[in-house]
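For the single chain, residues carry numbers from 1 onward in sequence order. Worth saying up front: this structure is predicted, and the values here are computed from it rather than measured. Start at 1 and go down the list; that is how both ligands and their atoms are numbered.
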Amino acid sequence: MKYNFKFEGTKNLKQKPNDADLQFGVEFTDHMFIMEYEEGKGWYDGRIVPYAPLQLDPASSNLHYGQEMFEGLKSYKSVHGDVLLFRPDMNAKRTNNTNNRLCIPEIDEDLFVAAIKALVDVDSDWIPGKQGTSLYIRPFIIATEPYLGVRASKTYKFIIILSPVGSYYKDGLKPTKLWVEDFYVRATKGGTGEAKCAGNYAAALKAQEIAHEKGYEQVLWLDSIERKYIEEVGTSNAFFVIGDEVITAPLDGTILPGITRDSVITYLRDNDVIVKEKKLSMDELVNAYESGELKEMFATGTAAIISPVGELNYKDRVMIINNNKIGGIAKDLYDTIYGIQTGQLDDVYNWTVKVK
Ligand SMILES: *Cc1c(COP(=O)(O)O)cnc(C)c1O
């Protein structure tokens, strides 16, 4: 192995939750990975230590100006007993794109993946086995320099934590209800929409609360200039099946470039489905709905993989999609991607990476 991380094992192993009781992101494993950065020195002292609270100077710049980024991916135990990651090289690349936007120093992509592999290896007993469960991996970077001035920090911590998570769907692939937000916006060109950074989510909470109050689970975001074109859903990318075409927003700077999005597009095109990355306006969507051309809508992201959408509310007008049932394309995509992630299907695209 190219990297030699120090390892300090915990003396108090935690009680592992039952697979059946797992929720999302509430329990964490026995260990975490930490690495330091200092200007002039680079990234150093990568180590695996017992999971524990951090000690931070209250003047640490991330606490005041939000210089923070994060990633999300999952590890599965395959049907053959291997421990697998899904496209971690893509998370490494996206990390450096986000870092570049936030003036956080780059991390070598091999080092990023090696750190994930080493930590998952140590805590691999935590990977749940039940259908639909997995070990969620959360790498993140925080600016740690104690300085109350607005400029890029000179010190950082790169940390990885792991959380065993349950099936995103308690009752199978149940369609979600979305609130189309036509006042608040998530991202604008030149902003940080394509970066996975904490600030984007803090700024999205308000609209999410409004959606919840109205009885909707997530927000469908529109563009920030005209409130006309569809962008994405909460923390996932949006897809529409209109006629015989699949449509999703182009990566023009305001959309988070989802790895699930990329996997979906690759698989569909490989199976001769027409996929268009283009702007879709709410007017076009309403027309397609009225003419019966809107067949399916779904959202894509690591947490749920494919999340069918059964209802949209746009300016108090309710649209029920595909009789509030999961569509054929969404179901096929879920089965295919989950099948590859868990080794039940052949990994024809070489997407999985073996931890052990
Ligand atoms: C993480 C995220 C996605 C989905 O990305 P995946 O790599 O597929 O998990 C989409 N939109 C937003 C805003 C996100 O934060």
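Short contacts between ligand 1 and Glu232, defined as distances under 4.0 Å to a heavy atom of the residue, involve ligand atoms 10 (C), 11 (N), 12 (C), 13 (C). Of all atoms in ligand 1, numbered sequentially from 1 with element shown, those under 4.0 Å from a heavy atom of Arg94 are 5 (O), 6 (P), 7 (O). The atoms of ligand 1 that sit less than 4.0 Å from any heavy atom of Arg186 are 13 (C). Within ligand 1, counting atoms from 1 as listed, the ones closer than 4.0 Å to a heavy atom of Gly234 are 13 (C).
A salt bridge links Arg47 with Asp45; the closest basic N to acidic carboxylate O contact falls under 4.0 Å.
Nearest protein neighbour of atom 8 (O) of ligand 1, counting heavy atoms only, is Thr260 OG1, 2.6 Å. Ranking the protein heavy atoms by distance from atom 9 (O) of ligand 1 puts Thr302 OG1, 2.6 Å first. In terms of protein heavy-atom proximity, atom 15 (O) of ligand 1 is closest to Tyr201 OH, 2.3 Å. Residue, atom and distance of the protein heavy atom nearest to atom 4 (C) of ligand 1 are Thr235 O, 3.7 Å. Nearest non-hydrogen protein atom to atom 1 (C) of ligand 1 is Lys196 NZ, 1.4 Å.
Cation-pi check for Lys279 over Tyr229 is met; the charged atom lies under 6.0 angstrom from the ring centroid and within 45 degrees of its normal. A cation-pi arrangement is not found for Lys214 relative to Tyr216, the charged atom failing to lie both closer than 6.0 Å to the ring centre and inside a 45° cone about the ring normal.
Phe33 and Phe5 have their aromatic ring centers within a separation under 6.0 angstrom.
Taking both residues in full, the closest heavy atoms of Asn62 and Ala143 are given as ND2-O, 2.7 Å, listed atom of the first, atom of the second, then distance.
Considering each of Gly258, Ala204, Ser236, Pro257, the one bringing a non-hydrogen atom nearest atom 10 (C) of ligand 1 is Ser236.
Looking at Glu8 and Pro50, their side chains come closer than 4.5 Å, going by heavy atoms from C-beta outward.
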CA sep, side-chain torsions, deciding dist, call: Glu36, Tyr156, side-chain hydrogen bond (donor to acceptor under 3.5 Å, both in side chains): CA-CA 6 Å; Glu36 314 290 332; Tyr156 299 85; over 6 Å; no
